[in-house]
Amino acid sequence: MARPKPVGTKVKTVAENRRARYEYAFEDILSAGIVLTGTEVKSLRFGEGSIAESYAEVKNGEVWLVNANIPEFSHGNRFNHEPKRPRKLLLREREIEKLHGAVARQGMTLVPISVYFNERGRAKVELAVAKGRKLHDKRAHEKEKDWKREAGRLLREKG
């Protein structure tokens, strides 16, 4: 008998911000819904979209995804969307307050990690509360990653 899928799994990842894992140290990761128009959804389903230079900000009790690029849908007509418009993220009020507090008091940044479709076909954004790494922190992080990779290789060779 097949094992049931856990709730909240990614089915199709559309865009990923791989550079963010190097540039930032993540404190907390959460998933948020995103308000899209019809042509934006179609464009994402075709695997187009980029969040490499985007970020999220809290304004007037709402969270907005800024500078995310979802190109115009190729078969769209005059109702096509604007590619780099700010898009509202859907979070609970308590989560928004928590994010606002982290950004305002602790100097954290809201970084989108990936855009994906969940098992119900809804577009979601994986959002991280992150702190920027300094150059020496980045070097130390790379060194630690390399050491873990090498240790894993050594253990596999012995066993």
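Computed from a predicted structure; not experimentally measured.
Y22 OH: more than 12 foreign heavy atoms inside a 6.0 Å radius. The number of heavy-atom neighbours closer than 6.0 Å to NZ of K98, taken from other residues, nucleotides and ligands shown, is 12 or below.
Under the 6.0 Å distance and 45° angle rule, R122 does not count as a cation-pi partner of F117.
Under the 4.0 Å criterion applied to side-chain N and carboxylate O atoms, K12 and E119 are not assigned as salt-bridge partners. Ion pairing between a basic and an acidic side chain is recognised when a charged N comes within 4.0 Å of a carboxylate O; E142 and K145 show such pairing. In this structure, E157 does not pair ionically with R153, as no charged nitrogen and carboxylate oxygen lie closer than 4.0 Å. A salt bridge between D146 and R149 is present, with a side-chain N of the basic residue lying under 4.0 Å from a carboxylate O of the acidic one. Taking 4.0 Å as the cut-off between side-chain N and carboxylate O, E62 and K88 count as a salt-bridged pair.
Checked by atom type, the side-chain pair S114/E16 shows no donor-acceptor distance below 3.5 Å.
No chain of hydrophobic side-chain contacts below 4.5 Å, direct or via other Ile, Leu, Val, Met, Phe, Trp or Tyr residues, connects Y55 to L110. No continuous path of ILVMFWY side-chain contacts below 4.5 Å connects Y24 to M108, so the two sit in separate hydrophobic clusters.
Shown here for E82 and R87, the closest heavy-atom pair between the two residues is O-NH2, 3.4 Å. Closest non-hydrogen pair, I113 versus A128, comes out as CD1-CB, 3.4 Å.
Distance alone, capped at 3.5 Å, is enough to place a donor-acceptor pair between the N80 side chain and the F73 backbone.
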